[in-house]
Amino acid sequence: MKFININIESNIAILTISRPKYLNALNQKLIEELSNKLDLIRSNEKIRVVIISGEGNKSFVAGADIKEFANFNKEEGELLSKNGHDYLFDKIANFNKPVIAAINGYALGGGLELALACHIRIASINAKMGLPECSLGLIPGYGGTQRLVRIIGESKASEMILTSKIVNAQDAEKIGLVSSIFNPDQLMHGAINLANACVKNSPKALEKAIMCINKNFDNMGLQFEQKAFGSLFATNEFKEGVSAFLEKRKPNF
Ligand code: CAA
């Protein structure tokens, strides 16, 4: 199954996540494929910037695939988080070239976490962003508890995580969650303009700048998040939250 389309435009690789029937939700195969594509791009000197977007204009990524993990136990839940961090989210955050998220619709849960791992985030005006995992009896498990706090500050991040609030593009720009917003038909143009501005710079300097920026974020929080995420898979509240999503009803916690 092919979930990632790749287009190369001069020095820019555009990766489009394509699982539109499920609003581009991230299953483990998709994560593996995206991870493999990034490995190829890492060593390709001709490619200087990566743009990640979602197929269609409804969704960037609607989160991790809830149906895939609905029956996971604690160990499987923790491994889901660890593999996500190791194969994709940390790989993007520590990538040797700038990675731009072009958020073209829903970026929820693991979808927003994917954008948070990227170095630059821009969004279309129809985008909706949030970390609704607590409504599923979970917590963000792909770095959201750490990266959202770093990017927008603890006050706004706690509000978003603890209330499962979804923010629109205008509010996301106001709180610094994305750096700019565009009409949907201009989003990719905006991303390519940003990418070209990076391409003009020294690749070695960009790599070092990314490493140094990441040093602001040198802590054990990500490992702690993996364990906390896994532990929730052993609770009845997780079972209720996920059943409610699958049965298209509100959870009763
Ligand atoms: N996982 C699996 N399937 C998903 C999905 C997800 N995260 N998001 C959407 N889908 C599926 C729906 O189940 C539906 O499939 P069926 O047609 O088989 O029922 C299809 O995609 C279309 O979705 P909807 O019918 O729900 O579309 P909508 O327009 O009514 O609602 C939405 C859109 C508000 C984004 C809604 O789909 C939604 O709330 N999705 C879940 C968002 C979410 O909770 N994300 C967090 C996931 S947990 C996570 O990410 C954990 C982590 O940190 C590791």
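Both counts, for ligands and for their atoms, begin at 1 and track the order of listing.
- Checking only distances, L136 never comes within under 3.5 Å of ligand 1, N or O to N or O.
- For atom 46 (C) of ligand 1, the nearest non-hydrogen atom of the protein is G109 CA, 3.8 Å.
- Taking all atoms of both residues into account, the shortest heavy-atom contact from H85 to G143 is CE1-N, 3.5 Å.
- Residues N27 and Y22 are not in side-chain contact: their nearest non-hydrogen atoms beyond the backbone lie 4.5 Å or more apart.
- Contact annotation for atom 30 (O) of ligand 1: protein absent (non-hydrogen atoms, distance under 4.0 Å).
- Between F72 and F238, the distance separating the two ring centers is not shorter than 6.0 angstrom.
- A salt bridge is absent between K91 and D86: the closest approach of a Lys/Arg side-chain nitrogen to an acidic carboxylate oxygen does not fall below 4.0 angstrom.
- In terms of polar-atom proximity, I139 is not counted as a contact of ligand 1, lacking any N or O under 3.5 Å from an N or O of the ligand.
- Looking only at heavy atoms of the protein, atom 21 (O) of ligand 1 is closest to Y22 CA, 3.4 Å.
- Distance from atom 16 (P) of ligand 1 to its nearest protein heavy atom, with residue and atom name: K67 NZ, 3.7 Å.
- Considering F229, Y106, F89, F245 only, the shortest heavy-atom separation from atom 40 (N) of ligand 1 involves F245.
- If you check which protein heavy atom lies closest to atom 28 (P) of ligand 1, you get K58 NZ, 3.8 Å.
- Counting only non-hydrogen atoms, the option in S164, G241, C134, A25 that gets closest to atom 5 (C) of ligand 1 is A25.
- Below 3.5 Å of separation, one finds no N or O of L108 facing any N or O of ligand 1.
- Here the heavy atom of the protein found nearest to atom 45 (N) of ligand 1 is A62 O, 3.0 Å.
- The option with the heavy atom closest to atom 20 (C) of ligand 1, from among K21, E68, K128, is K21.
- The CE atom of M160 lies 5.5 Å from the CG atom of L112; values are rounded to the nearest 0.5 Å.
- For atom 33 (C) of ligand 1, the nearest non-hydrogen atom of the protein is L23 CD1, 3.6 Å.
- Here atom 7 (N) of ligand 1 lies nearest to A64 when heavy atoms of S135, A64, A107, G130 are compared.
- The nearest heavy-atom contact from the protein to atom 26 (O) of ligand 1 is K248 NZ, 4.5 Å.
- When every heavy atom of R150 is checked against every heavy atom of N214, the shortest pair comes out as NH1-OD1, 4.1 Å.
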